[in-house]
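For reference, the structure discussed in these notes is given below.
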Amino acid sequence: MADFTAPSRAPRFFLVDLASGRTTTHLVSHGRGSDPDHSGYVERFSNDEGSNASSAGTYRTEDYYVGKHGRSQRLEGLEPGNSNALARAIVIHGAWYVSDAIAAQHGKIGRSEGCFAFDETNGSLDEVLTRLGPGRLLYAGRFGLSV
């Protein structure tokens with residue numbers, strides 16, 4: 001679950017193990033079209049191609065692939081607000097601009113083109129890809145969860 005209520009400097013991606021109740025949190029990017037002033041906060045969601053914005057709603061995780069960001073995972077949007085996810089290439093991938101060091105230095109992390117980007121150096125991306133796997137649900141929006 002990605003809770004885009006929190007600023008990008010805070011862990012706002014939650015992996016929940018329903019069997020054990022265990023939760024881990026991770027930094028995750030949002031799209032630059034969702035935060036045009038680069039404040040670190042999501043101001044809007046969009047499903048439009050070319051918007052470079054994050055989309056809210058439920059996604060189904062699809063297959064893994066290796067692309068320009070290395071090991072990544074496709075997402076299929078299951079709602080009208082994110083139905084263009086496959087066409088927009090909204091995926092899970094690693095990014096140099098997502099890290100605790102960048103969050104500490106700048107008070108925010110970098111922005112994607114609408115993808116869910118994770119730290120590729122601290123094991124975060126690996127844990128997310130491993131624990132999600134194909135055929136799982138990911139939900140994104142504003143929920144007001146706390147870490």
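Small disclaimer: the values here were computed from a predicted structure and weren't measured. In what follows, residues are counted from 1 in the order of the sequence shown. These values consider heavy atoms only, across backbone and side chains, with no hydrogens, waters or symmetry-generated copies.
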Given salt bridge (charged side-chain N to carboxylate O under 4.0 Å, His left out), test Glu113 with Lys68 step by step and report yes or no. CA-CA 14 Å; Glu113 293 180 358; Lys68 70 179 182 178; 5.4 Å; no
Between Asp37 and Ser39, do the side chains contain an N or O donor and an N or O acceptor separated by less than 3.5 Å? no
Is Val16 close to Leu18 at the side-chain level, that is, under 4.5 Å between some pair of heavy atoms? yes
Student check: side-chain heavy atoms of Ser83 and Asn47 closer than 4.5 Å: yes
Counting only N and O atoms by type, is there a donor-acceptor contact under 3.5 Å from the side chain of Asn82 to the main-chain atoms of Ser55? no
Measuring only between side-chain heavy atoms, which start at C-beta, is Leu27 closer than 4.5 Å to Val98? yes
Glu79: partners by side-chain hydrogen bond (donor to acceptor under 3.5 Å, both in side chains), with sequence neighbours left out: Thr58
Under the rule for salt bridge (charged side-chain N to carboxylate O under 4.0 Å, His left out), what residues qualify as partners of Glu76, not counting sequence neighbours? Arg60
For His30, the side-chain hydrogen bond (donor to acceptor under 3.5 Å, both in side chains) test, sequence neighbours excluded, returns Arg12, Asp35
Taking Arg111 for the side chain and Asn52 for the main chain, is one N or O donor matched with an acceptor at less than 3.5 Å? no
Residue pair Thr61 / Leu75, side-chain heavy-atom distance below 4.5 Å: yes
Co-members of Val91 in a cluster of I, L, V, M, F, W and Y side chains, linked at under 4.5 Å: Tyr65
Kindly give the heavy-atom pair with the smallest separation between Leu129 and Tyr64, and that separation in Å. O-OH, 2.5 Å
With sequence neighbours excluded, give me every side chain to side chain donor-acceptor pair (under 3.5 Å) pair touching residues 92-109. none
Tabulate below the donor-acceptor pairs under 3.5 Å that side-chain atoms of residues 132-140 make, not counting sequence neighbours, or state none.
unit_1: Arg136; atom_1: NH1; unit_2: Arg131; atom_2: O; d: 2.8
unit_1: Arg136; atom_1: NH1; unit_2: Leu132; atom_2: O; d: 3.3

Name of the residue among Pro7, Ser8, Ser34 meeting side-chain contact (heavy atoms from CB on, under 4.5 Å) with Val42: Ser34
